[in-house]
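Here is the structure we will look at, set down as structure tokens.
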Protein chains: 2
Amino acid sequence: MNSLKQMDRGALSDALDHSGQRTTPQRETVFSVLLDERDHPTADEVYTRTKSRMPTISMATVYNCLETLVSCGLVKQVNIEREPTRYCPNLAPHAHFHCRDTGRVYDVPVPPDMMHELAEVLPGEYRADSVELVFRGHLAKGKTK
Amino acid sequence: MNSLKQMDRGALSDALDHSGQRTTPQRETVFSVLLDERDHPTADEVYTRTKSRMPTISMATVYNCLETLVSCGLVKQVNIEREPTRYCPNLAPHAHFHCRDTGRVYDVPVPPDMMHELAEVLPGEYRADSVELVFRGHLAKGKTK
DNA sequence: AATTTGACTTAGAATAATTCTAAACGATCT
DNA sequence: AGATCGTTTAGAATTATTCTAAGTCAAATT
Ligand SMILES: [Mn+2]
Ligand SMILES: [Mn+2]
Ligand SMILES: [Zn+2]
Ligand SMILES: [Zn+2]
């Protein structure tokens, strides 16, 4: 038994069904790992966390599950500089803040009007279907949040 | 003889001096390659282009030169998804547009006020020293520019 | 109920961009 | 000339990710 809430379980099987893929224990567990601690873990970190709930899972399967979750739209990949890809289940429009001191990545909500304004910097012939906004710097004080 | 204009040659040696590094023929040539065709080439593409002007240069040196140029602030790395790092000598604040069809990367000027507005989406404790903005999509019509 | 099917999982090999290592180079200084 | 020291170089090493090929499992079909 993984720790998916009924709502999330429903979203998962809907999204998987919709993209013609199956709901499996491995996919449920990986998804629950992402939902439980929203700190943008790497595949390796997801592997460690998932293994503690499902000791037989393999790294390849974790990569497969993450790819599946991304392909069905439940999870976003977050690439920052040349670091390992991180995974984010936050579907709301948001930016990321990357702390140079700790390496941690935080979600930063972006108001919808800002998204609209952003789109307007694009010349007419450019048709964007996604926008990626990453801030880098550090947190004031010892705030770890 | 590489194709650096006097202005760019000056900027290069100033920036290198300032960061305690030497002006070398390899660094000049790599820099001129970046300035001559501003299409955000990968290290491999920079290698090919540089080799045609300086046949004895090695891949390792191209990586070294690019790193040097980045470290002294004359060139920015552009990382898009998991693709090889690209290099951009445009020092003006700008965003990037990545065409899903062709894989090409274009510069998109961003007005300074937009940069300011962007900074305001950050909660107070976040101190950003850099902002990265990438659009993905495609170009309308057969425009290749 | 047995068989077939096909997606899924798995271990391990392969890939590929980048970094590292250690030796050679070369300009400058003594 | 000889010493110094940053730079260049070829090739090895690293490492996140992808690929391969074999095993698993739960329907679906017979
Ligand atoms: Mn910090
Ligand atoms: Mn296009
Ligand atoms: Zn996020
Ligand atoms: Zn650019």
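Sequence lines set the chain letters: A, B, ... in the order given, protein chains first and strands last, and positions in each chain run from 1. Everything numeric in this text was worked out from a predicted model, so none of it was measured.
Looking at heavy atoms from C-beta onward, B/Y87 lies out of side-chain contact with B/L69 at the 4.5 angstrom threshold. Between A/D36 and A/R53 there is a side-chain heavy-atom pair separated by less than 4.5 Å. The side-chain heavy atoms of A/V46 and A/R49, taken from C-beta on, include no pair separated by under 4.5 Å. When side chains are defined from C-beta on, B/L4 counts as touching B/L35, because their heavy atoms get closer than 4.5 Å. Put simply, the side chain of B/L139 reaches to within 4.5 Å of the side chain of A/Y126, judged on heavy atoms. Using a 4.5 Å heavy-atom threshold, the side chains of A/L118 and B/L118 count as touching. Side-chain atoms of A/R27 and A/N64, non-hydrogen and from C-beta on, never get closer than 4.5 Å to each other.
Note on B/T61: every side-chain N or O is 4.0 Å or more away from OP1 and OP2 of D/dT8. Within the 4.0 Å cut-off from OP1 or OP2 of D/dG6, not a single side-chain nitrogen or oxygen of B/T24 is found.
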Test log, rule side chain to side chain donor-acceptor pair (under 3.5 Å), inputs A/D107 and A/H40: CA-CA 9 Å; A/D107 279 351; A/H40 305 87; 2.7 Å; yes
Worked check of side chain to side chain donor-acceptor pair (under 3.5 Å) between A/H98 and A/R136: CA-CA 5 Å; A/H98 183 227; A/R136 304 192 73 229; 3.1 Å; yes
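At whole-Å resolution of the value, CE in B/M59 and P in D/dT7 are 19 Å apart. The distance between atom CG of A/L66 and atom P of D/dA16, rounded to the nearest whole Å, is 15 Å. Rounded to an integer number of Å, the gap from B/Q26 CD to D/dG6 P is 17 Å. Look at OH on B/Y63: it is 7 Å from P on C/dT19, rounded to the nearest Å.
Side-chain atoms of A/E120 never come within 3.5 Å of backbone atoms of A/E117 as a donor-acceptor pair (strictly under, hydrogens ignored).
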Check nucleotides 20-26 of chain C against the protein and report each pair of N or O atoms closer than 3.5 Å, with its distance, or say if there are none.
none

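Linking ILVMFWY residues whenever their side-chain heavy atoms come closer than 4.5 Å, directly or via other members, leaves B/I80 and A/V78 in distinct clusters.
Of the residues in residues 27-55 of chain A, A/R27 come within less than 4.0 Å of DNA chain C through at least one heavy atom, sorted by number. Listed by residue number, the members of residues 78-91 of chain A with any heavy atom below 4.0 angstrom from DNA chain D are A/P84, A/T85.
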